[in-house]
2 protein chains.
Amino acid sequence: MIKARVTVTLKNGVLDPQGKAIEGALGALGFDGVGHVRQGKVFDLELQTDDRTKAESDLKAMCDKLLANTVIEDYSIHIA
Amino acid sequence: MIKARVTVTLKNGVLDPQGKAIEGALGALGFDGVGHVRQGKVFDLELQTDDRTKAESDLKAMCDKLLANTVIEDYSIHIA
């Protein structure tokens with residue numbers, strides 16, 4: 001079994017209202033010096049295979065088809 | 001300036017309906033052998049300081065107060 005973590009983040013230049021709201025909230029809580037905040041998603045998956053090459057190509061296909069919107073999001077795959 | 005990534009994931013044993021839905025959708029798309037899927041959040045922050053110790057303690061406080069619900073979520077902090 002292979003465990004993998006997929007991280008999906010907004011591309012640079014794409015507006016992130018959620019990140020902006022967190023930035024504002026952290027300031028309001030008294031945390032000074034917080035610059036840009038961007039929020040993304042993380043997926044922890046278990047794959048029933050021991051073939052890392054196949055796992056990686058499967059994960060890429062999953063990201064392209066479902067997990068990420070590649071118009072506005074980047075993804076990175078980390079296989080444990 | 002310090003860049004940090006905070007990853008917030010559900011604790012083991014906490015139900016994750018969103019992860020279950022993704023699991024089902026991946027199966028429906030024809031990806032076989034996908035086991036458990038869990039979804040979490042990731043925050044990329046910039047801190048206007050060069051003091052890594054202070055940055056780390058600030059980030060912990062941010063997680064406890066705002067970024068994570070420590071009753072049901074775990075967080076990990078990675079300073080770049």
Side-chain angles (χ1 to χ4, degrees), chain A residues 1-12 14 16 18-52 54-68 73-76 78 80, chain B residues 1-12 14 16 18-52 54-68 73-76 78 80:
Chain A
M1 195 186 68
I2 284 177
K3 289 193 181 195
R5 168 163 283 187
V6 173
T7 309
V8 176
T9 50
L10 283 171
K11 284 185 200 281
N12 282 335
V14 177
D16 181 2
Q18 202 169 2
K20 278 281 165 213
I22 294 165
E23 218 175 288
L26 287 173
L29 282 172
F31 293 105
D32 298 326
V34 177
H36 288 294
V37 179
R38 309 272 290 169
Q39 181 168 3
K41 287 173 283 189
V42 64
F43 303 96
D44 290 316
L45 299 101
E46 287 175 11
L47 302 178
Q48 314 293 343
T49 174
D50 290 317
D51 181 344
R52 292 174 72 91
K54 184 180 179 304
E56 200 169 337
S57 68
D58 273 3
L59 286 163
K60 271 187 190 158
M62 288 177 201
C63 287
D64 289 327
K65 285 193 187 171
L66 183 75
L67 300 180
E73 290 172 329
D74 289 323
Y75 60 83
S76 70
H78 176 79
Chain B
M1 194 186 68
I2 285 177
K3 290 193 180 197
R5 169 163 282 187
V6 173
T7 309
V8 176
T9 50
L10 284 170
K11 285 185 200 279
N12 282 335
V14 177
D16 180 4
Q18 201 169 3
K20 278 280 165 212
I22 294 165
E23 217 174 288
L26 287 173
L29 282 171
F31 293 105
D32 298 326
V34 177
H36 289 293
V37 179
R38 308 274 288 170
Q39 182 168 2
K41 288 173 283 189
V42 64
F43 303 96
D44 289 315
L45 299 100
E46 286 175 12
L47 302 178
Q48 314 294 345
T49 173
D50 289 317
D51 180 345
R52 293 175 72 91
K54 183 179 179 305
E56 201 170 336
S57 68
D58 273 3
L59 285 163
K60 272 188 189 157
M62 289 177 202
C63 287
D64 288 328
K65 285 193 186 170
L66 184 75
L67 301 179
E73 291 172 329
D74 287 323
Y75 60 82
S76 70
H78 176 78

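Residue numbers begin at 1 in each chain, while the letters A, B, ... track the order of the sequences.
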Donor-acceptor under 3.5 Å (A/Asp50 side chain, A/Met1 main chain):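 Indeed, once roles are kept as given, a pair shorter than 3.5 Å links the two residues.
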Salt-bridge criterion met for A/Lys54 and A/Asp58 (N-O under 4.0 Å):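 Answer for the salt bridge query: yes.
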Presence of salt bridge, B/Lys20 and B/Asp16, under 4.0 angstrom: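 Salt bridge absent between B/Asp16 and B/Lys20.
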A/His36 side, atom NE2; B/Glu46 side, atom CD - distance, nearest 0.5 Å: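 Answer for the NE2-CD pair, A/His36 versus B/Glu46, is 5.5 Å.
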Check against side chain to side chain contact (heavy atoms under 4.5 Å, CB included), A/Leu66 and B/Ile22: CA-CA 8 Å; A/Leu66 183 75; B/Ile22 294 165; 4.1 Å; yes
Toward chain B, the part of [X] with a non-hydrogen atom under 4.5 Å:
X: A/Ala61; value: both
X: A/Ile2; value: neither
X: A/Phe31; value: side chain

B/Thr7, part contacting chain A, at a heavy-atom distance under 4.5 Å: side chain
Among B/Lys3, B/Lys65, B/Gln39, residue most engaged with chain A (heavy-atom pairs, under 4.5 Å): B/Gln39
Max heavy-atom pair count under 4.5 Å with chain A, selected residue of B/Gly35, B/Gly19, B/Gly40: B/Gly40
